[in-house]
There are 2 protein chains.
Amino acid sequence: MSLSLAPPEISPKRRAILDAAAELFMKEGFGPVSMDAVARGAQVSKATLYAHFTGKDALFQEIIEESCQKMQALVPQALANHAQPLEAALAELGAHWLGFLLRPRVRALHRVVVAEGARVPELAQAFYTAGPVTLRGWLLDWLAGEAARGRLQPDAPLPLVAEQFFSLLRGDLFLRATLGLSGPIGEEEVRTLAEAAARAIARLYGAPPA
Amino acid sequence: MSLSLAPPEISPKRRAILDAAAELFMKEGFGPVSMDAVARGAQVSKATLYAHFTGKDALFQEIIEESCQKMQALVPQALANHAQPLEAALAELGAHWLGFLLRPRVRALHRVVVAEGARVPELAQAFYTAGPVTLRGWLLDWLAGEAARGRLQPDAPLPLVAEQFFSLLRGDLFLRATLGLSGPIGEEEVRTLAEAAARAIARLYGAPPA
DNA sequence: GTCTATAAATTGATAGAC
DNA sequence: GTCTATCAATTTATAGAC
């Protein structure tokens, strides 16, 4: 009697289809990928493909939803290090999250959702909720804790502070990465950007040094 | 003997094709648009279409490049209002630019470039140069003027200041709009966001009130 | 350059046997 | 569920006449 949250009983063929399709969609986008290619990649016949999914759209939607779930699971929730000063803690947290956001897989997911979001709005909504909304929620909780502890004395609403931190964190690098213009991203580049964002937030809203 | 910079002598049919294709690509993305649909929209035969463009990709590329040029022309360069205090000037400038960035056409252009950028890198590069790089360059010049005038005393490199202002300006709204999740965007929403960004930059790097 | 008509390939999707 | 074989529609692209 397992209470496991892992999705139970998923057929191997279905799993192979989902994996192969995910790889193709992330790599080439939605349009250029044919059902033939998916079947070939999953080493499955097209009939089997259509036995599991009603069509290309349904397959795509399940891929995105599954990826969103994985995305949420990938970001460790508990990163609060209250031993550090506010700025250092923000910088560490920010570097970790930014590093995640810049992963090629996450950028690829973002790209295909942006591309097909206009056609399938509920898909864009699912991505936005699983991604930015969730992250901002966690940050908001953490900031509220810092404020309660007196290390943050914002004269602006906490949601605005959280949004500004994320905006600063993304910076220009996020834009470039989404466009596919950034090569491999160095860890120090990420850390530098996160530190700049943390410094700005700390100076804007941090408690004055006693 | 005109020295006009306007592109000279473009055939009416070619113009019609470019306009019809631009509208279709912005509305539906690259993949779903067929050459048949373009020909129909431009009220031109497919043979004519292929007489002007070697294929769908070439047509698309010319559309994007032309749109990038229009984009640059659309943003007035001279907005510097030195009569206002730094924060007010930044807010006004920011509201104007953000309003431009959030235009449905500009978001649509961004979307298709993101979608096809991985397939055609020079396209993403052209967009990035015509858009973010150009805007940041203008802001940098303006900030340098403010610094020379003593109204800005940044303890960070000016390029970082410019990047942070743009990041704050985009905020979450830009992300939502790119995903197609924002409905019609109110002018006051834009102004509020721009004011918050301007306030942050002014407090971080502005000269202390004498 | 421009058209009508069509070629040639690929697509998403299914029928029927096992 | 799974396969082989195939359909019907659509796609990009071109021949040939004007």
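Letters go in sequence order (proteins before strands), and every chain restarts at 1.
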(request) Heavy atoms only: give me the nearest Ala20(A)-Val38(A) pair and the separation to one decimal. (result) CB-O, 4.2 Å
(request) Could you pull out the closest heavy-atom pair between Arg14(B) and His52(B), with the gap in Å? (result) NH1-O, 3.3 Å
Is the side chain of [X] donor-acceptor paired with the backbone N or O of [Y] at a distance under 3.5 Å, no angle test?
{"X": "Lys56(B)", "Y": "Val33(B)", "result": "yes"}
{"X": "Lys27(B)", "Y": "Ala22(B)", "result": "no"}
{"X": "Thr192(A)", "Y": "Glu188(A)", "result": "yes"}
{"X": "Glu163(A)", "Y": "Asp172(B)", "result": "yes"}
{"X": "Arg111(B)", "Y": "Gly29(B)", "result": "no"}

(request) List for me each residue that meets ring-ring contact (aromatic ring centres under 6.0 Å, His included) alongside His110(B), sequence neighbours excluded, and say none if there are none. (result) Phe127(B), Phe174(B)
(request) Mind checking ring-ring contact (aromatic ring centres under 6.0 Å, His included) for Phe60(A) and listing every partner two or more places apart, or none if nothing turns up? (result) Phe25(A), Phe30(A)
So which protein nitrogen or oxygen atoms get under 3.5 Å of nucleotides 10-12 of chain D's nitrogens or oxygens?
unit_1  : atom_1 : unit_2   : atom_2 : d
dT12(D) : OP2    : Met35(B) : N      : 3.0
dT12(D) : O4     : Lys46(B) : NZ     : 3.4

(request) Please test Asp19(B) against Arg15(B) for salt bridge (charged side-chain N to carboxylate O under 4.0 Å, His left out), starting from the C-alpha separation and ending with a verdict. (result) CA-CA 6 Å; Asp19(B) 289 343; Arg15(B) 182 72 271 143; 3.1 Å; yes
(request) Give me the bend of the helix from dG1(C)-dC18(D) to dC18(C)-dG1(D), using the axes of the five pairs at each end, rounded to 10°. (result) 10°
(message) Just verifying a value: how many Å separate Lys70(A) NZ and Glu66(A) CD, rounded to the nearest 0.5 Å?
(response) 5.0 Å
(request) Walk along DNA chain C from 5' to 3' and tell me the first and last nucleotide with an atom closer than 4.0 Å to a non-hydrogen atom of chain A. (result) dT11(C) to dA15(C)
(message) Does anything in residues 14-29 of chain A come within less than 4.0 Å of DNA chain D? Heavy atoms only, and list the residues if so.
(response) none
(message) Does either side chain, that of Gln125(A) or that of Thr129(A), offer a donor lying less than 3.5 Å from an acceptor on the other one?
(response) yes
